[in-house]
Colleague: 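One structure follows; several queries about it will come next.
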Amino acid sequence: MFCHFGINTFCDQEWGEGKDSPERFNPLQLDARQWVRTAKTAGFRYFILTAKHHDGFCLWPTSTTGYSVASSPWRNGNGDVVRECADACREEGIDFGIYLSPWDRHEPCYSDPERYDDFYCRQLEELLTGYGPLIEIWFDGAGSEGREYDWRRIMDLVKQHQPEAMVFNMGAPTIRWVGNEDGLAPYPCWNTATTAKGSMFSEASLQWLPETPAWVPAECDVPIRRDRWFWHPNEEDLLLSLEQLMDIYYRSVGHGATLLLNVSPDNRGLLPEADVKRLLEFGEEIRRRLDDPLAETTGSEHKIELELPVPAMVDHIVLMEDIAYGERVRQYVLEAYTDGAWRKIVDGTAIGHKKIDAVTPVLAEKIRLQITEAAADPMIRKMAIYGAQI
Ligand code: FUL
């Protein structure tokens, strides 16, 4: 789960210019536990907070600038949203990560690249050292088109303080942006790449540091309210429907990528009730469709046949490679067996970490996976069949 919260939340805007007074930041009912509990209950595994967005307003009491929660009326300037999220994640048992916008529209030294690199590194170091283990550092390319930061220095800090953290899309990333803000991975979406798009506002590919591994899986970010990363009043109608969320799930997680779904706490500091309800429905629906297989197996052969306990209407097949051994499958076919004959139901290429094939319900006694092209012996960690018994 992604979480955009900040001074914008109080100003009905997406991109503040860095001029809004900290006086406006006053989420009287802020409850990070409500955010994180919702994430956990809905089935999300990690939670990434915008510690600083493009407007430069910091959600933690940084020593680098007065433009932060420390200058706000919230908790008389003694609050720390990053701390509350980190604590809530630890208590709920999900991982925590941070977003720190390189582009800063408030900070006067932004126009002096060397001084700003110092400033940014100090901010990053506070976050890397003050809040426990971080699962991911999210570097947003927006607004930084054409700007060079001292990525070597930035990466050294990450490696020194949070060597396990995933690094999103800039410097020496370990994961890449899928290239759109719709939460959709193309198919196939291979885990290896040498470049990725840097921002919505430029077609240019990002230059990565030479030590970037070729293995950079894609992460798919998308807001739960259409085109809105931050909360705005009276916009419940923009909330994605359950059907739209399921479609996103099939085309992100179901294509082997990670889904990073954004939520926006409101100006009370709470996730709106309608959004909470939708998130819980989403988690529930994924579990309803994909938690209880009719049959399941593993295998390292090119052909795996799986018999159902009784003939059933099959509507999903989930395939997973044992990704620790890499992405080996290049092409596969799924077939259903009924009335003495095999019938092709899926033609696929990549499997990777996970491929979800939602098929037109088909009556089957058996399902067969045939891997028709592979870079090395396939290692199928899971082949699972779902549907309704008849
Ligand atoms: C974009 C930003 O400009 C949006 O405001 C948002 O933070 C999104 C995740 O990335 O590039």
Side-chain angles (χ1 to χ4, degrees), residues 1-20 25 35 39 44 46-60 81-82 85 96-107 110 120 123-124 127 134-147 149 166-171 173 175-185 195-206 208 218-232 235 238-240 245 248 252 257-267 271 275:
M1 183 174 275
F2 211 176
C3 177
H4 276 61
F5 185 66
I7 196 90
N8 289 333
T9 308
F10 301 83
C11 305
D12 198 1
Q13 67 198 5
E14 285 288 301
W15 276 14
E17 291 177 9
K19 296 182 182 136
D20 299 303
F25 186 89
W35 313 351
F44 292 79
Y46 59 90
F47 186 93
I48 299 183
L49 173 71
T50 51
K52 177 187 84 168
H53 203 250
H54 309 324
D55 49 67
F57 184 79
C58 297
L59 292 184
W60 80 105
V81 186
V82 180
C85 282
F96 179 56
I98 52 125
Y99 165 117
L100 184 69
S101 173
W103 185 34
D104 190 320
R105 306 178 89 185
H106 174 85
E107 177 48 39
Y110 187 75
Y120 187 77
Q123 291 198 327
L124 185 62
L127 294 168
L134 299 174
I135 187 76
E136 181 168 341
I137 319 295
W138 219 91
F139 292 118
D140 190 341
S144 293
E145 296 80 11
R147 168 81 175 229
Y149 300 97
M166 295 186 281
V167 175
F168 179 81
N169 220 48
M170 291 178 110
I175 54 173
R176 72 185 197 269
W177 184 39
V178 77
N180 61 69
E181 293 183 337
D182 305 316
L184 305 179
T195 55
K197 225 173 113 178
S199 95
M200 286 293 280
F201 313 100
S202 146
E203 282 306 314
S205 286
L206 277 181
W208 289 337
E219 183 184 68
C220 306
D221 58 328
V222 57
I224 196 165
R225 293 188 180 199
R226 183 161 302 292
D227 296 333
R228 297 303 220 184
W229 295 95
F230 287 92
W231 179 82
H232 301 257
E235 285 193 345
L238 296 180
L239 196 54
L240 299 185
L245 288 174
I248 287 171
S252 54
T258 303
L259 170 61
L260 188 65
L261 179 65
N262 184 73
V263 299
S264 325
D266 60 18
N267 57 354
L271 287 181
D275 302 52

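Whatever order the structure lists ligands and atoms in, that order sets their numbers, starting from 1. What you see is a predicted model, and the numbers here were worked out from it, not measured in a lab.
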Colleague: Could you pull out, from L260, T50, D140, N8, the option with a heavy atom nearest to atom 2 (C) of ligand 1?
Modeller: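 Shortest heavy-atom distance from atom 2 (C) of ligand 1: D140.
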Colleague: With a 3.5 Å cut-off and no angle check, do the side chains of D140 and W103 form a donor-acceptor pair?
Modeller: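 No, no side-chain donor-acceptor contact under 3.5 Å.
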Colleague: Mind telling me whether W229 and F2 have parallel, tilted or perpendicular rings, with 30° and 60° as the class edges?
Modeller: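 Rings of F2 and W229: perpendicular, over 60°.
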Colleague: Looking at E181, which atoms of ligand 1 are within less than 4.0 Å of one of its heavy atoms?
Modeller: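 Counting atoms of ligand 1 from 1, those under 4.0 Å from E181 are 1 (C), 8 (C), 10 (O), 11 (O).
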Colleague: Among M200, H53, E14, which one puts a heavy atom closest to atom 4 (C) of ligand 1?
Modeller: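 When every heavy atom of M200, H53, E14 is considered, H53 comes closest to atom 4 (C) of ligand 1.
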Colleague: Can you see whether F230 has R225 sitting over its ring - NZ or CZ less than 6.0 Å from the centre and within 45° of the normal?
Modeller: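 Because its charged atom misses either the 6.0 Å distance or the 45° angle limit, R225 does not stack over F230.
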Colleague: Numbering the atoms of ligand 1 from 1, which are under 4.0 Å from a heavy atom of F2?
Modeller: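 Those qualifying, in numeric order: 9 (C).
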Colleague: What atoms of ligand 1 come within less than 4.0 Å of a heavy atom belonging to D221?
Modeller: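 Ligand 1 atoms under the 4.0 Å threshold to D221: 9 (C).
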Colleague: So is W15 polar-close to ligand 1, meaning N/O to N/O under 3.5 Å?
Modeller: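 Yes; at least one N/O pair falls below 3.5 Å.
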Colleague: Side chains of H54 and E17 only: does a donor on one sit below 3.5 Å from an acceptor on the other?
Modeller: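 No donor-acceptor contact under 3.5 Å links the two side chains.
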Colleague: List the steps, then state whether ring-ring contact (aromatic ring centres under 6.0 Å, His included) holds for F57 with F10.
Modeller: CA-CA 12 Å; F57 184 79; F10 301 83; 8.6 Å; no
Colleague: Which atoms of ligand 1 are found less than 4.0 Å from any heavy atom of H4?
Modeller: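 Matching atoms, with element in brackets: 6 (C), 7 (O), 9 (C).
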Colleague: Between Q13 and D55, do the side chains contain a donor N or O and an acceptor N or O under 3.5 Å apart?
Modeller: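 Checked: D55/Q13 side chains show no N/O donor-acceptor pair below 3.5 Å.
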Colleague: Of all the heavy atoms in F230, does at least one lie under 4.0 Å from an atom in ligand 1?
Modeller: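 Heavy atoms of F230 never come under 4.0 Å of ligand 1.
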